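Throughout, a chain's letter reflects where its sequence line sits, starting with A, and its residues are numbered from 1. None of these values were measured; they are calculated from a predicted model.
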Amino acid sequence: MPIMAIDKTAITKNFEPGDVERKWYAHWQNSGYFKSEPNDKQPYTIVMPPPNVTGILHMGHCLNNTIQDILIRDARMQGKNACWVPGTDHASIATEAKVVAMLREKGIKKSDLSREKFLEYAWEWKEKYGGIILEQLKKLGFSLDWDRTTFTMDEHYYDSVIKVFIDLHKKGIIYRGKRMINWDVKALTALSDEEVIRKETPQNLYHLHYKLAGDNVKEGEGITVATVRPETIMGDVAIAVNPADPRYTMMVGKKVLVPLINREIPIIADEYVTLDFGTGALKVTPAHDQNDYALGQKHGLEIIDVFNDDGTMSESAQIYVGEDRFAVRKKIVKEMEEKGFLTKTESYTSEVGYSERTDVVVEPRLSMQWWVSTEKLASPALKAVMEEEIQFYPAKYRNLYRHWMENIKDWCISRQLWWGQRIPAWYDADGNIYIAATEAEARKQAAEKDSNFDEKNSVLTQDEDCLDTWFSSWLWPMEVFKGISDPGNKEIEYYYPTQTLVTAPEIIFFWVARMIMAGYDYKNAKPFDAVYFTGIVRDKQGRKMSKSLGNSPDLLQLIEQYGADATRFGVMIASPAGNDILFDESALEQGRNFCNKMWNAQKLLLMWQEKQDSGDKPNPDDSVAIEWFASRLAEVQKSVADHMKQFKLSEALKQLYSLIWDDFCSWYLEWIKPGMDQPMAGHTYKASVKFLTSMMQMLHPFMPFVTEEIYHNIEERADDLCVKQAPAAGIINENILEQGSTLKAVISGLRDTRVKNNIKPREAISLHICTDRNENYSSIIPLMQKQVNAKEIHFVDTAVEGTINVVIGKEQFYVESDAPIDTGAQLESLKKEKDHLEKFLLSIDKKLSNEKFIANAKEEVIILEKKKQSDAKEKLSIINENLNAIASTK
RNA sequence: GGGAGUUUAGCUCAGUUGGUUUAGAGCAUCUGCCUUACAAGCAGAGGGUCACAGGUUCGACUCCUGUAACUCCCACCA
């Protein structure tokens, strides 16, 4: 085959990623390499965790998706039908918050808009910014099947969510109920427990005095409570004390007055109250605290809600109406202090819940919400992971998963938002509820139920709320293949269950657990075979990357600066599954340097292409190098495959890095390098091109661009690396590998000797080898001679006078050169070696003379120890010989 | 408060069921090199009582117990 003439001027000094990346990404896409259709091959499917539709690319996405791309590209090259589905999530609260903020900047308040108008703005926003993130992903070379791009509010997706709601309601799994929920006063919505972040917050614990009610009350008679929330006192309905508390036994049953508003409330006794916290007396505010609510229920107390939706004081508070809760806290404290109700203020730190989205303090609030009963859904999902039908990598997350699933609570799925799937519930004038996909259907139901209901004219209003965004994304692995909206279709049957889910451990409950629950409920099958949990990307100081800290680097700029391959290398090289990765730009630099290294190896080969001799005869001097490298390649191929199976991606990458840089560039290429003005054997050249090709193929899933480019530069090709199928495993020849190691050890050892004795590389030496294994050396002698720059190499039986002695392995080397020999330095190093060997020998002697060791240790261990002993003895005697020789020359 | 995890070289990490001659990499550091593929490079070197204290064992980085530090998750102490 004619070799493509490469225009040398076109090969740049260093690898320049920009144009190469654009060129190949377009080519791959135009060639349809990323597309997947069901066929006879085995599928390998990954559904990408959909990023927020209006989000922008950050390090987390980079890590997460690089891993997925490596798995997908590897599967594609291993002959599987690889399908990687992209998409975006409507991300209800996050997106709505952004739209509200955008409108506010324009001077528009959400409350002034109709639902329809607001959604118009929201869709407009989505059209404008949605999917930017997907475009950014292309820059990293991700081989996603773009034709399958799905959005969680696509029509079929929307319908499937509604369908599931109706279905689960029918099954009695979805219900409506009044519960204490977490209320976000800024977003004006309920939050699930998972959306609340608890933070240690310094606060004040205020001791407030409640006066005893009645006519003949003496000054100071009453009870003092401790609270961090004085602004809720207007919602107090009782004071609770522990029945076993002697301080308050007399008080139980009496009444006290709420300060400032003078409402009478009873003192009750309940074991819930801790004796030694605060004052041992607790104010009970059922409307604003989970526990107080429970207490209130138990004791039949009234509920007084003193807040409005937005966290300002309501009419029921009587005072400070309309003012913000935290402003009121300050004012009340001041007023109480002035009026003598405040007896003490201590500083106190406790965990306070904050909204994940808006970062405001969450307000516990009683409200009517929609719920998913999780008990039935959880048990098959728990079993699947515990019995390893679904594998977790790393496995430690199984414990976390189990703990959560065993203590799972019902899931609050309604959100007071407009952006999302609207709850398909309609209410008639009497408050009857009809669950239906459309209003017409709801009307029909209403008319059937109630003969007074006029199907055409009676009033029926739809629930204002939307569903939690996770209530749509838990269907993701099914509905991207229309498994809910069109069950049993060809695609869902082919692609589901998917193979691997790659995601962050932070969303194990939000998303992973729920997908598993939905999978078993709707497909009666797991959604994926394995879950790979990535680490969290942190900065050098170990802080989580976040917008507020401003420590998140601009990914697009990094790609621009280092190249996509280098960026992928940088995030992968130190990121074992489940471990956090400390982001450090030096890793990207290493990646860039690696690209250049490969680029230059390619340049060297291209230069040699012209130096080839005409014949096809192998050069015998090169054959050792070629055979050795072929075995090394086979060895790494096997171990990379093993690592990939266990998801040890960074380990696989490290092996490839070392194979290419150390074994190929530093050793192999030097070994076959022709001398000045010498031709290169055509056979050697062809073997080398084959090696480079194989390495590019193995590395391609990790660094797709540079490998594809080199693949095409090095030889004219009819195909592309992107879809090239992996070759069968090569043959590993242990004997050759051993010879290679010996050769490397000798070369390194003699280089060291040159440095220590100040012998310049250009100065040729004569080498005398004293060994009883001449045959092990015979085949590597020619290479050795070239590499250590020896005029001649002889085998000898005894020490050679006037030479430098070097011990490598068990063998003895005598280096003869014109340079003066520094016997002092030699003596020093020999003594050091001797010292160490003697100590070593002592420990082995001790071990071998230990009867218990001989009696208990395995036979092969004893044999090994004996070998160590004899080897060390042999080595020691050589060193002693050398020491004597030096001493005698002095 | 409960649970899980981590602790190996200056930094980031490997180290597979306890034994493989002196515990490995990469980065960083130091020394010498512009040797015509690559100074974003080449060659070489130094650097670790494997967190600490016990225990099991002929033998422990590896197994067990305790301690300390850090990280994460869960939980209603106002």
Should A:Tyr206 and A:Glu346 count as side-chain neighbours, where that means a heavy-atom distance under 4.5 Å?
no

Taking only the C1' atom of each, what is the distance from B:G24 to B:C61 in whole angstrom?
12 Å

Between A:Lys648 and A:Ser650: side-chain donor-acceptor atoms closer than 3.5 Å
no

Counting heavy atoms from C-beta on, name the nucleotide in B:A37, B:G41, B:C73 closest to the side chain of A:Asn593.
B:G41

Give A:Leu282 one of three labels, base, sugar-phosphate or nothing, depending on what nucleic acid heavy atoms sit under 4.0 Å from its own.
base

Among side-chain atoms of A:Asn242 and A:Tyr248, is any donor-acceptor pair under 3.5 angstrom?
no

Should we count CD of A:Glu560 as having more than 12 external heavy atoms under 6.0 Å?
no

Using a 4.0 Å heavy-atom cut-off, does A:Gly591 contact any base of the nucleic acid, only the sugar-phosphate backbone, or nothing at all?
nothing

Counterpart residues, ring-ring contact (aromatic ring centres under 6.0 Å, His included), relative to A:Phe691 (two or more places apart):
A:Phe629, A:Tyr668

Base, sugar-phosphate or nothing for A:Lys283? Non-hydrogen atoms, less than 4.0 Å.
nothing

Quick test of your reading: applying salt bridge (charged side-chain N to carboxylate O under 4.0 Å, His left out), list the pairs with at least one residue in residues 845-864 of chain A, sequence neighbours left out, ordered by first then second residue.
A:Lys847-A:Glu865

Dot-bracket, 5' to 3', for RNA chain B please: Watson-Crick or G-U pairs under 3.5 Å, [ ] where pairs cross earlier ones, | where the partner sits on another strand, dots elsewhere.
(((((((..((((.....[....)))).(((((.......))))).....(((((..]....))))))))))))....

Which nucleotide sits closest to the side chain of A:Val861: B:C74, B:G19, B:A40?
B:G19

Indicate the ring-plane relationship of A:Phe647 and A:Tyr393, choosing parallel, tilted or perpendicular according to the 30° and 60° boundaries.
tilted

A:Asp752 vs A:Cys665, nearer the 5' end of RNA chain B by closest nucleotide:
A:Cys665

Taking atom types as modelled, is there a side-chain donor on A:Tyr657 or A:Gln590 under 3.5 Å from an acceptor on the other?
yes

Between A:Tyr397, A:Phe510, A:Phe509, which is the residue that forms a ring-ring contact (aromatic ring centres under 6.0 Å, His included) with A:Trp404?
A:Phe509

Under the side chain to side chain donor-acceptor pair (under 3.5 Å) rule, collect the residues that match up with A:Glu670, sequence neighbours excluded.
A:Lys673

So if I take every side-chain heavy atom of A:Lys396 and compare against B:G5, B:G44, B:A37, which nucleotide ends up nearest?
B:G5

Pick base, sugar-phosphate or nothing for A:Lys409, based on heavy-atom distances below 4.0 Å to the nucleic acid.
sugar-phosphate

Would you classify A:Val284 as touching base, sugar-phosphate or nothing, given that sugar-phosphate means primed atoms plus P, OP1 and OP2, and contacts are heavy atoms under 4.0 Å?
nothing

Which part of the nucleic acid, if any, lies within contact of A:Glu874, taking any heavy atom under 4.0 Å across all strands shown: a base, the sugar-phosphate backbone alone, or nothing?
nothing

Select base, sugar-phosphate, or nothing to describe what A:Gln869 touches, counting heavy atoms under 4.0 Å on all strands.
nothing

What does A:Ser666 touch in the nucleic acid at a heavy-atom separation under 4.0 angstrom: a base, only the sugar-phosphate, or nothing?
sugar-phosphate

Residue pair A:Ile268 / A:Leu301, side-chain heavy-atom distance below 4.5 Å:
yes

Contact class for A:Arg754 (heavy atom, under 4.0 Å): base, sugar-phosphate, or nothing?
nothing

Tabulate protein N/O versus nucleotide N/O from nucleotides 56-59 of chain B, keeping only pairs under 3.5 Å, one per line.
from, atom 1, to, atom 2, distance (Å)
B:C58, OP1, A:Asn856, ND2, 3.3
B:C58, O2', A:Asn850, ND2, 2.9

How far does the P atom of B:A37 sit from the matching atom of B:A51, given to the nearest Å?
46 Å

If you assign each of A:Lys867 and A:Asn399 to its closest nucleotide in RNA chain B, which residue comes earlier from the 5' end?
A:Asn399

Indicate, with a heavy-atom threshold strictly under 4.0 Å, whether A:Arg592 touches base, sugar-phosphate, or nothing.
base

Under 6.0 Å between the ring centres of A:Phe569 and A:Phe702?
no

Answer yes if the side chains of A:Ser658 and A:Asp662 hold a donor-acceptor pair under 3.5 Å, and no otherwise.
yes

Minimum-distance nucleotide to A:Ser748 side chain [options: B:G44, B:G19, B:C42]
B:G44

Sub-3.5 Å pairs of nitrogen or oxygen atoms, protein against nucleotides 24-28 of chain B:
from, atom 1, to, atom 2, distance (Å)
B:G26, O2', A:Gln590, OE1, 3.1
B:G26, O2', A:Gln590, NE2, 2.6

